[in-house]
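These figures come from a predicted structure and were not determined experimentally. To find a chain, count down the sequence lines: A is the first, B the second, and so on, and within it residues start at 1. Because only heavy atoms are used, hydrogens play no part in the values below, and waters and symmetry mates are left out as well, while side chains stay in.
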2 protein chains.
Amino acid sequence: MKSTINDVAARAGVSIKTVSRVINNEPSVRPATRQKVMDAVEALHYQPNLAARNLAGTRSYTIALIYDNPNAYYVIDMQNGILEACKARGYELLIHPSNSKSTNVNDELRALVEHSKVAGLVLTPPFSETQSVIDEVKKLGLDYVRIVSSGAAEGDEDNCIQVDDTAAAFDITKHLIENGHKRIGFLAGGEEHVSTHGRLEGYKEALQQAGISIDPDLIIPGEYSFDSGVSGAKALLEKDNPPTAIFASNDEMAAGALFAARLMHIEIPAQLSIVGFEDSPFSRQTWPKLTTAHQPNSEIAKCAAALVLNKARSKSASESASANKDAGITKKFVPELLVRDSTGQSPA
Amino acid sequence: MKSTINDVAARAGVSIKTVSRVINNEPSVRPATRQKVMDAVEALHYQPNLAARNLAGTRSYTIALIYDNPNAYYVIDMQNGILEACKARGYELLIHPSNSKSTNVNDELRALVEHSKVAGLVLTPPFSETQSVIDEVKKLGLDYVRIVSSGAAEGDEDNCIQVDDTAAAFDITKHLIENGHKRIGFLAGGEEHVSTHGRLEGYKEALQQAGISIDPDLIIPGEYSFDSGVSGAKALLEKDNPPTAIFASNDEMAAGALFAARLMHIEIPAQLSIVGFEDSPFSRQTWPKLTTAHQPNSEIAKCAAALVLNKARSKSASESASANKDAGITKKFVPELLVRDSTGQSPA
DNA sequence: AAAACAAATGACAACGCTGTCAATTTGGCG
DNA sequence: CGCCAAATTGACAGCGTTGTCATTTGTTTT
């Protein structure tokens with residue numbers, strides 16, 4: 001049967017409290033004793049019982065992921081990353097999908113906290129960028145980490161994992177410019193996302209640096225959806241002086257743009273280059289495969305979770321090495337350019 | 001602060017044990033007493049503490065979802081459905097993604113059960129259709145529900161939620177036939193999935209019933225992927241006597257088929273009809289939108305979870321109404337034909 | 001070498017609930 | 001009315017941890 005802390009204590013010849021100290025990495029345990037205990041833990045394959053810990057302790061061993069995102073790929077990636085971090089530290093994950101339209105997120109948050117003791121929260125866009133949600137989380141006194149587009153980190157950098165959309169968009173645009181493109185269309189994502197603005201910013205910066213003037217006519221507002229990509233690209237391509245390249249704000253839109261181009265019998269990439277953003281499976285389910293910026297969602301989530309876990313832990317009175325605590329946690333990601341088959345030289 | 005069972009007991013003027021009886025729906029509580037307690041529960045917004053329950057009780061209030069499926073849409077749908085059922089009954093969900101290639105699922109199962117007391121399991125394809133996994137689950141004495149294609153339910157119907165792929169495939173094919181199609185290509189999914197065979201079966205039955213002979217040349221083996229859809233459709237359309245309609249075994253393949261057709265400048269649905277299966281977001285991200293069979297994954301998952309929860313509960317010694325226990329749980333689903341824009345009259 | 005202090009360890013009571021079993025109440029019946 | 005079985009209720013001991021605080025052991029200091 002499963003072994004308990006008593007078994008370990010007996011085997012190591014110490015009290016259960018000492019075992020508790022060792023497995024919680026508390027100070028005031030002699031190295032020799034610590035070793036004895038760890039050996040016993042090893043031998044018995046001991047794993048602390050989560051229910052007991054949650055019940056007895058002041059701190060909890062559960063974190064929650066709150067999301068409201070229609071993009072299944074994104075959610076799954078996030079989840080997997082967080083799960084990985086949790087598993088490594090013996091925490092449990094509570095999944096909480098939420099619909100910001102039909103329910104009041106703040107109420108849900110409160111209920112969540114009251115019902116299950118939760119150690120911390122991982123917030124993803126759009127919640128992570130919504131002030132009222134952030135305020136509520138703070139009010140509840142919860143540890144949290146927000147996964148946000150760089151612009152939304154403000155004075156809260158300690159609690160953010162940032163994605164530098166601007167830098168990545170800059171790189172993508174630069175790639176197009178280096179391929180001789182001078183007229184580059186931009187399909188913007190939803191206004192409410194901070195990333196939308198960041199990506200546009202990067203696009204503009206790259207053009208400016210290359211001395212190419214910005215043509216507002218080539219910037220089409222839209223949403224992060226396939227349909228929006230289709231209509232945006234159409235609008236662009238039906239112009240008198242159409243662009244030779246299109247920067248779609250995400251892969252889904254790029255797929256739509258690709259489709260629109262195909263409908264108009266435009267060859268990709270010979271006559272038109274198209275880029276996406278995110279490196280979601282979408283970008284591999286098109287023909288040709290999309291040039292895009294790889295956004296390591298799973299890794300991002302893993303870092304976010306690790307950060308929350310550290311926060312929760314450091315609250316517990318005694319903490320040994322709080323110095324290099326956050327070692328190995330990247331707090332700022334720059335999606336990397338991934339050149340595939342949808343971009344090429346500008347047709348002169 | 002959060003109220004406990006003691007608060008409720010005090011307010012209702014009974015012992016905590018009686019409160020426990022009421023919230024667990026145990027018999028032997030006088031209606032009047034029950035009411036008093038329920039009023040107190042109501043007034044105090046009492047919610048039983050999960051950690052305490054898990055620790056104290058013999059049964060657990062956690063079920064697990066084990067999956068190994070690359071289709072993010074599918075997984076999210078499943079998850080949401082299960083989560084809904086869990087929330088309704090006060091259970092918690094443990095998510096366990098697994099990779100059958102890199103790890104041994106059976107070991108993972110064992111670890112899962114030993115570590116966290118788990119009340120039951122929801123298994124999805126391909127695990128739900130893998131004998132060795134099923135055997136292990138049984139050996140561990142776990143309650144489980146398998147979500148399977150009808151063919152795989154065998155003598156285990158009590159533990160299965162079935163999806164009748166054959167019936168749905170029959171309906172889809174019939175729809176094509178009714179539109180005058182006589183040469184219908186079939187793009188098959190992965191051999192290892194039971195659904196693949198079921199769908200092919202339905203296709204054949206419909207043809208036979210319509211008196212159309214089955215042309216093996218029109219049945220192309222493949223996988224449930226976009227690329228497979230592209231190449232399969234190409235193979236079909238490059239034939240001397242190409243089909244006028246293509247039945248792709250899922251939406252992803254259908255999207256691929258659509259793309260291949262587009263590349264060959266074939267108009268959809270004027271020159272060629274294409275159908276998918278599943279009604280995943282894929283089917284709405286194509287142009288034209290796909291005719292498909294709606295597979296209510298979220299609902300299926302919800303039923304599966306409800307069933308597991310019932311199993312787990314009925315084990316607990318005292319159960320009042322075990323008669324109509326499974327009321328409202330559908331155990332067999334037939335995906336429903338959804339006619340959209342990718343199918344039309346056969347040219348000719 | 002003893003006193004004084006700090007570090008390491010342990011005993012024991014929670015945590016909020018369920019399970020067991022004993023105590024009490026109820027209702028039916030002679 | 002009183003007695004007995006059945007139905008209802010309650011007292012209390014865990015479940016496997018952590019937190020508190022007392023105790024023991026080790027290390028300085030003088």
Should [X] be listed as having a side-chain N or O under 4.0 Å from OP1 or OP2 of [N]?
X	N	result
A:Ser15	C:dG10	yes
B:Ser28	D:dT9	no
A:Asn49	D:dC15	no
A:Ser20	D:dT18	yes
A:Asn54	D:dT17	no
A:Arg30	C:dA8	no

Which nucleotide wins on minimum distance to the side chain of A:Thr4, given the candidates D:dT17, C:dG19, C:dT9?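 Nucleotide nearest to A:Thr4's side chain: D:dT17.
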Judged by modelled atom types alone, do B:Gln131 and B:Asp135 share a side-chain donor-acceptor pair under 3.5 Å?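 B:Gln131 vs B:Asp135: donor-acceptor pair found between side chains.
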B:Asn159-B:Asp156 side chain donor-acceptor pair, cut-off 3.5 Å: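 Yes, because at least one side-chain N or O of B:Asn159 sits under 3.5 Å from a partner of the opposite role on B:Asp156.
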Output the rounded distance in Å from [atom1] ([X]) to [atom2] ([N]).
X	N	atom1	atom2	value
B:Ile23	C:dC17	CD1	P	7 Å
B:Ile16	C:dT20	CD1	C1'	13 Å
A:Arg34	C:dA8	CZ	P	10 Å
B:Leu55	D:dA13	CG	P	17 Å
B:Arg53	D:dG14	CZ	C1'	18 Å
B:Asn25	C:dT18	CG	P	12 Å
A:Ile5	C:dG10	CD1	C1'	13 Å
B:Lys17	C:dT24	NZ	P	19 Å

Side chain to side chain contact (heavy atoms under 4.5 Å, CB included) partners for B:Thr4, two or more places apart: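 If we apply the side chain to side chain contact (heavy atoms under 4.5 Å, CB included) test to B:Thr4, skipping adjacent residues, the hits are B:Asn6, B:Asp7.
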Is the distance from the ring center of A:Tyr73 to that of B:Tyr73 below 6.0 Å?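 Yes: the rings meet the under 6.0 Å criterion.
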Closest-nucleotide ordering on DNA chain D, the 5'-leading residue of B:Ala56 and B:Val29: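 On the 5' side of the pair lies B:Val29.
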Using 4.0 Å as the upper bound for N to carboxylate O, is an ion pair formed by B:Arg110 and B:Glu136?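 Result for this pair is yes, salt bridge flagged.
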Taking the side chain as every heavy atom from C-beta outward, state whether A:Ser98 and A:Phe127 have any pair of such atoms under 4.5 Å apart.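 Yes, their side chains come closer than 4.5 Å.
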Side-chain heavy atoms of B:Leu123 within contact of B:Val137, under 4.5 Å: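 B:Leu123 vs B:Val137: side chains touch.
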Is there a donor and acceptor pair, one atom on the side chain of B:Arg21 and one on the base of D:dG10, closer than 3.5 Å?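 Looking at the base of D:dG10, it does pair with a donor or acceptor on the side chain of B:Arg21 (distance under 3.5 Å).
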Axis bend over the full length of the helix from C:dA1-D:dT30 to C:dG30-D:dC1, computed from five pairs that close each end, to 10 degrees: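 For the helix from C:dA1-D:dT30 to C:dG30-D:dC1, the axes at either end differ by 40°.
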More than 12 heavy atoms of other residues, nucleotides or ligands under 6.0 Å from CD of A:Glu42: is that the case?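 Atom CD in A:Glu42 is not crowded, with 12 or fewer foreign heavy atoms closer than 6.0 Å.
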Position toward the 5' end of DNA chain C (nearest nucleotide), B:Tyr46 or A:Thr33: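 Mapping each residue to its closest nucleotide by heavy atoms, the 5'-most match is A:Thr33.
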